[in-house]
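Remember, predicted model here, so these are calculated numbers, not experimental data.
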Amino acid sequence: MRKTVCALAACAIACLSLFVGAYAGESEASLLGQVETDAGTVRFGYRTVSVETGAVNTDAWAELRGADGGLVWERTIGGSSMDECRAALAMDGGRVALLLWTVSKDGDMDGNEADGQYNIRHTALVTMVDESGETLWRSFAVPAPGFATSLARCDGGLLLYGERSDGDLAYYPCLIRFDADGGILFDRAYPDSKGFAICVATALSDGDFLLVGRAMEPIPGTNFHTSDGVAARFDGQGERRWEQKFGIREYDGLYGAAEAEDGSLYVCGAAADSIFALSGEGGALGWLLKLDRDGNTLWERTAGMPWGGVFETVTARADGTVAAEGYTFRDGRKIPWQMLFGASGDALPEAPR
């Protein structure tokens, strides 16, 4: 059975901005997300070190809490400006990969200085820590100007994915692959795919990667855009094999992917009339597609009316069925939702949970 690596979504930017008080040590901390590991819960974000007129100094912050809530380890990393921990990923052997955003230009976060362009100059620093929170390695990558959004496991190492820009705010995807010791195996950008926002990366059985997300097109004369779902397959060296767009409504996106035993691919997401429809009843449909190895559509299905819904993850099961999970709406509330499909796309009874 092949399962999607969509647990990545849990390590992507959560932006919860919660004050965590009792867990924050002696200074304030803001929680941006958390991930579950075999040893407990890794929480990450930043600590506010100082606030002065026109300047805020924050340090990247992460901690591991055991099953009983006790503190196992805590790490803060930072210099004289804005540093944050934006994602975490559980690895084997109790290791945890941390994705840090920093304004450092050389990877020395102990003495970095602000450059006045924090919102458009995010530099990525990947830090691997052991089961005690001690640093095993750091690797400095520069996807700026742009955004490093998340990490995926990759043959003992990591795949960093995000978006870059030429400075015109028209972003395109980038991939950086690290080996098990933090060495950079490749650093690739794809400027001919402008508007492609990556939502998740999935490692495939033959060593390829499947990236899915949204391909956005501005609406002339407005601050809004339309979007199609997009999927792209890359080999282990970052060479793109194919890229396909899919769309049935005005604002479509793909958020999850999985590989079946026969090598076919499932991608899921939502088809909506606008971005606002993703958070209200009746405005979006859960969307599931089955693709062949080359990205051609074998079938597609939508579900969720009359309440609306979004599929966020998909799992190809050993018995040939496919489980798509996400959320639907009832009485204005967002509730968990799962639907099962047969290998030919026939819908089995849906099961809100």
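Donor-acceptor pairing under 3.5 Å is lacking for the side chains of Trp73 and Glu131. Checked by atom type, the side-chain pair Ser344/Asp346 shows no donor-acceptor distance below 3.5 Å.
Under a hydrophobic clustering in which Ile, Leu, Val, Met, Phe, Trp and Tyr are joined whenever their side-chain heavy atoms come within less than 4.5 Å, directly or via other members, Phe178 and Met128 fall into the same cluster. A single hydrophobic cluster is not seen to contain both Leu185 and Val126; linkage of ILVMFWY side chains at heavy-atom distances under 4.5 Å, directly or through other members, places them apart. Met216 and Tyr255 are assigned to two separate hydrophobic clusters, defined by single-linkage of ILVMFWY side chains at heavy-atom distances under 4.5 Å.
Counting heavy atoms from C-beta outward, Ile77 and Arg138 have side chains that approach closer than 4.5 Å. The closest side-chain heavy-atom distance from Lys290 to Phe341 is not below 4.5 Å. Side-chain atoms of Val96 and Leu64, non-hydrogen and from C-beta on, never get closer than 4.5 Å to each other. Arg214 is listed as a side-chain neighbour of Cys199, based on a closest heavy-atom distance under 4.5 Å. Contact annotation: the side chain of Leu254 approaches that of Trp287 to within less than 4.5 Å [non-hydrogen atoms, C-beta and beyond]. Considering only heavy atoms from C-beta on, Leu291 comes within 4.5 Å of Thr297 through its side chain. Residues Asp155 and Arg177 have side chains in contact (heavy-atom distance under 4.5 Å, counting atoms from C-beta outward). Two residues are said to be in side-chain contact when any heavy atoms from C-beta on lie closer than 4.5 Å; Leu32 and Arg86 meet this criterion.
Nearest approach of Leu159 to Ala201, heavy atoms of both residues: CD2-CB, 4.2 Å. Between Tyr266 and Trp299, the shortest heavy-atom distance links the atoms CE2-CZ2, 3.7 Å. Counting all heavy atoms, side chain and backbone alike, Arg65 lies closest to Val72 at C-CG2, 4.3 Å. Pairing each heavy atom of Val42 with each of Thr37, the nearest pair is CG2-CG2, 3.7 Å. Across all their heavy atoms, Ala316 and Ala260 have their closest contact at CB-CA, 3.9 Å. Considering every non-hydrogen atom in both Arg249 and Ala272, the closest pair reads CB-O, 3.3 Å.
Side chain of Arg153 to backbone of Ala90: a donor-acceptor contact under 3.5 angstrom is found. The closest donor-acceptor contact from the side chain of Thr302 to the backbone of Gly286 lies at 3.5 Å or more, if one exists at all. A side-chain donor-acceptor contact under 3.5 Å links Arg188 to the backbone of Gln237. A distance-only check finds a donor-acceptor pair linking the side chain of Asp292 to the backbone of Asp294 [under 3.5 Å]. The main-chain N or O of Ser264 is found under 3.5 Å from a side-chain atom of Asp262 such that the two form a donor-acceptor pair. With hydrogens and angles disregarded, a donor-acceptor distance shorter than 3.5 Å links the side chain of Trp137 to the backbone of Ala180. Not a single donor-acceptor pair under 3.5 Å links the side chain of Glu243 to the backbone N or O of Ser193.
If you take CG on Leu265 and CG on Leu289, they are separated by 11.0 Å, rounding to the nearest 0.5 Å. In this structure, the separation between CG on Leu160 and CG on Leu89 is 11.5 Å, given to the nearest 0.5 Å. A distance of 4.5 Å separates CD1 of Ile198 from CG of Leu211, quoted to the nearest 0.5 Å. Note that CG of Asp59 is 12.0 Å distant from SG of Cys85, once rounded to the nearest 0.5 Å. In this structure, the separation between OG1 on Thr313 and CD on Gln338 is 8.5 Å, given to the nearest 0.5 Å. Separation of atoms CD1 (Ile335) and CZ (Arg330) is listed at 4.5 Å; rounding is to 0.5 Å.
When each of Trp242, Phe186, Tyr190 is paired with Phe234, the ring-ring contact (aromatic ring centres under 6.0 Å, His included) condition holds for Tyr190 and for no other. Among Glu36, Glu63, Glu74, the single residue meeting the salt bridge (charged side-chain N to carboxylate O under 4.0 Å, His left out) criterion with Arg43 is Glu63.
Heavy atoms of other residues, nucleotides or ligands lying less than 6.0 angstrom from CD of Glu217 number 12 at most.
The residues Asp206 and Arg233 are annotated as salt-bridged, a charged nitrogen and a carboxylate oxygen being separated by less than 4.0 angstrom. Taking the charged nitrogens against the carboxylate oxygens, Arg240 and Asp192 do have a contact shorter than 4.0 Å, which makes a salt bridge.
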Verdict with supporting geometry, Val212 and Thr202, side chain to side chain contact (heavy atoms under 4.5 Å, CB included):
CA-CA 9 Å; Val212 301; Thr202 301; over 6 Å; no
Where do Arg95 and Leu136 land on the side chain to side chain contact (heavy atoms under 4.5 Å, CB included) test, with the steps shown first?
CA-CA 9 Å; Arg95 298 178 302 154; Leu136 297 174; 3.6 Å; yes
For Leu100 and Thr127, what are the C-alpha separation, side-chain angles and deciding distance, and is it a side chain to side chain contact (heavy atoms under 4.5 Å, CB included)?
CA-CA 8 Å; Leu100 311 181; Thr127 299; 3.7 Å; yes
When you look at Lys245 and Asp252, which way does the side chain to side chain contact (heavy atoms under 4.5 Å, CB included) test go after all the steps?
CA-CA 10 Å; Lys245 293 181 180 179; Asp252 303 332; over 6 Å; no
